[in-house]
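Atoms within each ligand, like the ligands themselves, are counted from 1 in listed order. Positions are given from 1 along the sequence. In this text the structure is predicted, and so the values were computed from the model without any measurement.
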Amino acid sequence: MTPRHTLLVLLAALGLVCAGVLGGARPAEAAALPNTVVPAPVSEVAGGSNFTLSASATLTSDDASIGGYLAGILRASTGYALPLTVGAATPGSIALQLTGAPGSVGPEGYQLTSDASGVVIRAQQPAGLFHGVQTLLQLLPPAVMSTTVRSGPWTVPGGTVLDYPRFAYRGAMLDVARHFFTVAQVERYIDELALYKINYLHLHLSDDQGWRIAVNSWPNLAAYGGSTEVGGGAGGSYTQADYSAIVAYAASRYMTVVPEIDMPGHTNAALASYAQLNCDGVAPALYTGTNVGFSSLCVSLPLTYTFVDQVVGELAALTPGPYVHIGGDEAGSTPLADYTSFIDRAQQIVADHGKTVVGWHDIAKASLLPSSVAQFWGTTTTDSSVAAAAAQGTRVIMSPANKAYLDMKYTHKTKLGQTWAGLIEVNTAYGWDPGNYLTGVTGPSVMGVEGPLWTETIVTSADIDTMAFPRLPALAELGWSPWSTHDVTAFDQRLGAQGPRWKTMGITYYKSPQITWPTGS
Ligand code: TNX
């Protein structure tokens, strides 16, 4: 039990003793904040009276779109009118305010106070308000997530939450190349990720099996390279307008899109689309299997760099976020000297388009620009080239495949997924410290954590849900919560409390036997 939990138990015990001394039933005022919020907040102090939303309540918000987001969820499940206004909080209301937050909350944090007179969420920036809204939703009963009217009472326990993230980067990756997912499917996943304060969506937009984003200067990439997927299905691709719609939807959930074009390996779809990109001038056939490491852009060909420049240029222009991911993994058919010279040039091209490079940690074999970010996907806790890069100032996103890969099976019985990095049960996904995991990669070298979901075996939204839940919330907690809150017993209880929410929302999840799922999950 952490000191914080000890304090909560003591407070709860005190409440019971007082109630006993006073000779009455335990007053509602004595309720402790329940251990239900994922990711665990920095601090939660129970106290004061509970708040119960009434049919005549109002919402006030300094940010109209976040107010609208919360109103949309609450109106649907409560059936209350909940008129949205701007200005001072009225008694009985929920107020979202961009004033009065303590400085410690930073750009993404918030303070939430709840008592009989109302709930007030204060933040310095809209992102903080949005995160506070997610906490508020988790303090309300699970039925609040219903899209049809349910019965209350809609009670928020009295108390104060002060909260802000441990890491600036808390990501999830979706591989839309091995199997294609529509804009609506990606938006559904964005909504799910937002519940857990994920703030980066990494889209793996190209691979051997498919090219998924229209590039005006190279139209065959999407038209032909996007025409199939693993298993030989029809595949698909995003128009530039589709991609912009995903970017805008993510932004409405305070999430930044990181687009990935994987190079120089994982490029069969591009090579199949343009014969002139191949060293021998011959286009290979489209590929619908699941092997890796067999394709490579032609590093000695000048046209290769025209291609990279035009593709990155169009993508950078469509991407408001700071990062472009250049892949760089498993370039098994690119000789090392070619690989490093390619990565050097690709980094410069990305920089010329005003973006910061992210690459799988294999790029640490090249000489990295000071700004470049390496995404660690290994299965060991030492990697000399990543440690050397970190010592030079390279920042690292932690996605160790044996902990963070959402496409690994939970157990041998899991129908979907792979096993090459091991089996990943919930407590394995939770049981590591991203800030102190990889030798030589600690402190400011760690930019954050990401859960990649590769989709060789993943076809539907239900498949996505089954692999991401409940492990994604575990990773989200590693990314957000202070290490001092890390406690597997308390976490498993918090996670169990999410089950009824997922059920209400129609999220198919793996009912891990490690978790006690409450009735109604
Ligand atoms: C390795 S991890 C890959 C992907 C596969 C994944 C399957 C990494 C950077 N590359 O190409 O989809 O394994 O788990």
What are the two closest heavy atoms between [X] and [Y], and how far apart are they?
X	Y	value
Arg395	Thr356	NH2-CG2, 4.2 Å
His179	Thr455	ND1-O, 2.7 Å
Gly225	Leu286	CA-CD2, 4.3 Å

Of all the atoms in ligand 1, which lie at a distance below 4.0 Å from a heavy atom belonging to [X]?
X	result
His266	11 (O)
Glu330	1 (C), 3 (C), 4 (C), 10 (N), 11 (O)
Trp420	1 (C), 7 (C), 13 (O), 14 (O)
Tyr405	2 (S), 8 (C), 9 (C)
Met408	14 (O)

Does [X], backbone or side chain, put an N or O under 3.5 Å from an N or O of ligand 1?
X	result
Asp407	yes
Trp454	no
Trp360	no

*Nearest option to atom 7 (C) of ligand 1, as decided by whichever heavy atom of Gln418, His361, Met173 sits closest*: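 Checking each option, the heavy atom nearest atom 7 (C) of ligand 1 is found in Gln418.
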*Identified side-chain hydrogen bond (donor to acceptor under 3.5 Å, both in side chains) counterpart of Gln375 within the set Glu260, His361, His325*: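 Only one of Glu260, His361, His325 forms a side-chain hydrogen bond (donor to acceptor under 3.5 Å, both in side chains) with Gln375, namely His325.
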*Starting from atom 9 (C) of ligand 1, find the nearest protein heavy-atom neighbour and note its residue, name and distance.*
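Answer for atom 9 (C) of ligand 1: Asp329 OD2, 3.1 Å.
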*Which residue supplies the protein heavy atom nearest to atom 5 (C) of ligand 1, what is that atom called, and how far is it?*
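Its nearest protein heavy-atom neighbour is Glu456 OE2, 3.3 Å.
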*Does one side chain, of Asp309 or His353, offer a donor that lies under 3.5 Å from an acceptor on the other?*
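A donor-acceptor contact under 3.5 Å links the two side chains.
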*Output yes when a side-chain donor or acceptor of Asn35 lies under 3.5 Å from a complementary backbone atom of Ala490, and no otherwise.*
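Yes, Asn35 side chain to Ala490 backbone: donor-acceptor pair under 3.5 Å.
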*How many angstroms lie between atom OG1 of Thr288 and atom CG of Asp208, to the nearest 0.5 angstrom?*
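Reported value, rounded in 0.5 Å steps: 11.0 Å.
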*For Arg178, is the nearest heavy atom under 4.0 Å from an atom of ligand 1?*
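Right, Arg178 reaches ligand 1.
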_Salt bridge check, Lys197 against Glu477: does any charged N sit closer than 4.0 Å to a carboxylate O?_
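Judged by the 4.0 Å cut-off on N to carboxylate O distance, Glu477 and Lys197 do not form a salt bridge.
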